[in-house]
Each structure stands twice: as structure tokens, then as C-alpha cells.
Colleague: 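Just dropping this structure here.
Since the structure is predicted, the reported quantities are computational estimates derived from the model, not experimental observations. Along the sequence shown, the residues carry numbers beginning at 1. One-based numbering, in listed order, for ligands and for the atoms of each.
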Amino acid sequence: AMSSTLPAQQEKVIYDEAEIPNFTLPDPLVAEDGTKVESAQAWNEKQRPYLMGLFEREVYGKAPAAPEKISYKVIETSDEALDGTARRRQVAIQLTDDPDGPVLNVLIYLPNTDKPVPTFMTLNFYGNASIHDDPAIQLPESWLRNNKDKGVENHQATEKIRGSSKGRWPVEMILEKGYGLATAYYGDIDPDFDDDFQNGIHPYFYAEGQTRPKPDEWGSIAAWAWGLGRAMDYLEQNPEIASDKVVVMGHSRLGKTSLWAGATDPRFAAVISNNSGCGGAALSRRRFGESVQRINTSFPHWFNDNFTQYNHNEDACPVDQHELIALIAPRPCLVCSAEEDRWADPHGEFLSAKYASPVYRLLGVEGLAAEKMPAVDEPVLSRLGYVIRAGGHDVKPIDWQRYMEFADAHVLGK
Ligand code: GTR
């Protein structure tokens, strides 16, 4: 999206409920012509496609269809991974019909069982090798954000990248609970910086003469979400995976991405967003913490160009983020906040789940089982769930414990 002229640093950030402007949220159950949406059929056939079209046009941008054929190469496998406790698969998925085009490298760990494994699909920030010390994991080859501590120099991975984010990835704990973990580096799909969409996946889909996405076409979040769909194409081909039990989870910008992936791709059985904030689970109209103007200025490539119309002008947007969660209904969705991550507006994330609930109920399932913001570390694990953890913007083992408790109940039906 194009940047606004107001420098982001000059924005006053709202961190006080009393300073939130008055606003009226759009009702997900009121149709374009003002009539009430009263049946699951009316929702599925008319209202849902209408809202989906609005999010595509005004917020994330429309992504292209999946490539015609699914092509992938199994790069490496082991049935003796992690000291014999797990199976490891490394697969390169071709993202376009062009065999020389970009590939998404997916790393999969599965517990030792002969049954199809329910699996978390999660993009990562620093390459697959960053999630675990396992020396067999391939180093990422795509552009990475420089970070010496994480083992990135000159935008390239060094050996030091191995395990550098492992605190966020309790792989052994996930496998012990009977889940698989599939992960891929988001930069394989589109490097996370503003280059006018010259690198990454976008140019492969330009029409003749086109040099950047149109105002209603995909930004980077939509591209990452689309890439998750390509990973899902592969997971569906692999009989080791219970492909009807794949939970898409993401943190922060990748939490925004997991919500959009879940909304656009019904194959994801459940959706978890962690600390996703503005443009994710948080209501834009509250303008609490990160605002639409701020995010479009700091990250002009995340959303589509149309979304910049709502800088300092959130009320004009025909949708707000509770309707993004409504697009996931009736599938399970867990919204996760962190107490100190006020930039992501925990209360606004809670309210999104609350105001998506009428759609869940219309579709015959339970909505969020809380009317008021729950206390810190008192998870509300209803089918549409919400949890606020103590601490800051991060993913911790306790978060994963809650994801699995949630998935046990709503994906495995335990
Ligand atoms: C911040 C951004 C947030 C969130 C976060 C992250 O700088 O303002 O919207 O996405 O980055 O992804 O870690």
C-alpha cells in the first residue's frame, strides 16, 4: 500500500480506553441492502461471499488462484529424527507452474505413529533451521532480515541461525501430545520489505505490462496466506498428515496472516492468531495501540493500496476485524493476546471475538463463552476462544499448551 504523508512517529498512540473515539461497528449479520441475515444459508450463499469480497478489495487484496498442478520434491526424510523419537520430512513446494520459479521449503516433524497426524501449520520468521538445533534442517536460502543475534548477516543465514528461535517452538512437547508440526519460512513466499513488489511471488502473476499489484490486489500478508494454501496443497497429498485436522497458527504479522489464510482457505480446520493486533484480530475502529495509518506507513507492503484510504479514517472502512473472524466460522478460532503487548490492543482482540460470535451462533455452534474480558491467564477455550497471557509480545511454551488444549477439544473432539 502507498504510504501516507504523515510521518508515523508524529502519530499520537492511544493507550487509554478513555481516549478511544466513539464508533459503530458494522454488523456482520446485516446485508448490503440493510436486511438482516437470518439463516446459515443466507450467510453462506450471500453474506459471507460479500464480506470476503470487501476484505479482498479494501484490506488484504485478492490473490490469484492456486497453480494448476501441485509440484513438489521431497528433499530429505528421516524416521529416526530427534534421537529416534520423531519423523522428519523436508519438502520443496513449487509455488508456480514455472519449474524455475520460487519454492516454499516445508519442514515437518511427526510423532512415530502409523495413523494420520493432526498437524499445526505455522510460518516462521527466520527460516526452518531457526526453530530447532537439529543439524539436519536445511538452512534458508531466501533473503532474511538482518539480525546478528539470530545468525543473519548480509541477509543470509549463517550456521548460528540453528535453533536461534527455538524458545518459540517446543517441538518435542508438540510431538508428545500427538501433534505434528509443519513450518516454512515466510520470506520464501515474499521477502518482508517494501520493494514495490518486484521480488517474491507477486511478479510471477503480473499481467503483461503490469509492474505492481492493482489497488485491490494482494499485498504481502495475502501472499503469505496464499503460500500457506500451497503448503496445504502438499499436506493434502501426504497420507501421514490428517489433512482434515490441520490447524493454521501464526504470531504477530504472521498471526494476521493465519487469520486471513483461515478465512480464505476452508481446508484449515482451525485457526489460531497470536498477538496479531492491527490488521489481525484487533478492531481497527478502536485505534488503540497500532493504528491503520501507522501500520500502512511502517509496512506499506502488507495490505493492498485501497487500505490506505482508511488511514485516520477507519469508520469509512466497510468492514472491521470482527468480520474477519466471522469469515472463519463455524470453524474453531482461538485469539491470543499478551498483557504487555498493548501495541496489539488485547481488549480490541477480545472484542473482535465477541462480536464475531453471533455468526458462530447463526451457524449452529457456540460463540465466545465470555461477555467480558477474562482475567490474565484464564483462557476461555470455547470453539471461538480467547486468552490473554501474562508477559509480552512473544510465543511461549504455555501458549502452545493452550493451542493444543484448544485443538484437543475442538479439532480432535476430545
Ligand atoms: C510490529 C508491527 C505489528 C506486528 C509486529 C510483528 O512492528 O507493528 O503489527 O506485526 O511488528 O510482526 O512482530
Colleague: Minimum heavy-atom separation for Arg383 and Pro330, please, with both atom names.
Modeller: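 Heavy atoms only, the tightest pair is NE-O, 2.6 Å.
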
Colleague: Going by the atom numbers of ligand 1, which of them fall below 4.0 Å from some non-hydrogen atom of Ile295?
Modeller: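 Listed by number with element, the hits are 9 (O).
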
Colleague: Within the 4.0 Å heavy-atom shell around Trp302, which atoms of ligand 1 are there?
Modeller: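 What qualifies from ligand 1 is 9 (O), 10 (O).
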
Colleague: Mind checking whether Lys256 has an N or O less than 3.5 Å away from an N or O of ligand 1?
Modeller: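 Yes: some nitrogen or oxygen of Lys256 is under 3.5 Å from one in ligand 1.
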
Colleague: Among the heavy atoms of His251, does any lie under 4.0 Å from an atom of ligand 1?
Modeller: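 Flag not set, His251 not near ligand 1.
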
Colleague: Look at atom 9 (O) of ligand 1 and say which protein heavy atom is nearest, naming residue and atom and giving the distance to 0.1 Å.
Modeller: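 Nearest neighbour among protein heavy atoms for atom 9 (O) of ligand 1, to 0.1 Å: Glu290 OE1, 2.5 Å.
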
Colleague: Can you name the atoms of ligand 1, numbered from 1 with element, that are less than 4.0 Å from a heavy atom of Trp343?
Modeller: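 Within the 4.0 Å cut-off of Trp343, ligand 1 contributes 2 (C), 8 (O).
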
Colleague: In a check of ring-ring contact (aromatic ring centres under 6.0 Å, His included) between Trp226 and each of Phe205, Tyr60, Tyr204, which one passes?
Modeller: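 When Phe205, Tyr60, Tyr204 are each tested with Trp226, the ring-ring contact (aromatic ring centres under 6.0 Å, His included) holds only for Phe205.
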
Colleague: Under 4.0 Å, heavy-atom basis, I'd like to know which part of Arg253 is in contact with ligand 1: side chain, backbone, both or neither.
Modeller: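 It is both backbone and side chain that touch ligand 1.
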
Colleague: Is the count of non-hydrogen atoms from other residues, nucleotides or ligands lying under 6.0 Å from Glu68 atom CD greater than 12?
Modeller: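 For Glu68, atom CD is not crowded (no more than 12 foreign heavy atoms under 6.0 Å).
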
Colleague: Hey, do the aromatic rings of Trp400 and Phe120 have their centres closer than 6.0 Å?
Modeller: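 Ring centres of Phe120 and Trp400 closer than 6.0 Å.
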
Colleague: If the cut-off is 4.0 Å to any non-hydrogen atom of Ser252, which atoms of ligand 1 fall inside it?
Modeller: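 Ligand 1 atoms under the 4.0 Å threshold to Ser252: 4 (C), 5 (C), 6 (C), 10 (O), 12 (O), 13 (O).
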
Colleague: Do any N/O atoms on Ser276 end up under 3.5 angstrom from N/O atoms on ligand 1?
Modeller: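 N/O-N/O distance below 3.5 Å does not exist for this pair.
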
Colleague: Using a strict threshold of under 4.0 Å (side-chain N to carboxylate O), is an ion pair present between Glu217 and Arg212?
Modeller: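 Not counted as a salt bridge, because no side-chain N and carboxylate O are separated by less than 4.0 Å.
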
Colleague: As an exercise, identify every atom of ligand 1 less than 4.0 angstrom from a heavy atom of His393.
Modeller: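 It comes down to these atoms of ligand 1: 5 (C), 6 (C), 13 (O).
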
Colleague: Salt bridge check: are Arg162 and Asp134 linked by an N-O gap of less than 4.0 Å?
Modeller: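 Answer for the salt bridge query: no.
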
Colleague: Kindly state whether the ring of His202 and the ring of Tyr206 have centres lying under 6.0 angstrom apart.
Modeller: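 Judged by ring-centre distance (under 6.0 Å), His202 and Tyr206 do not meet the cut-off.
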
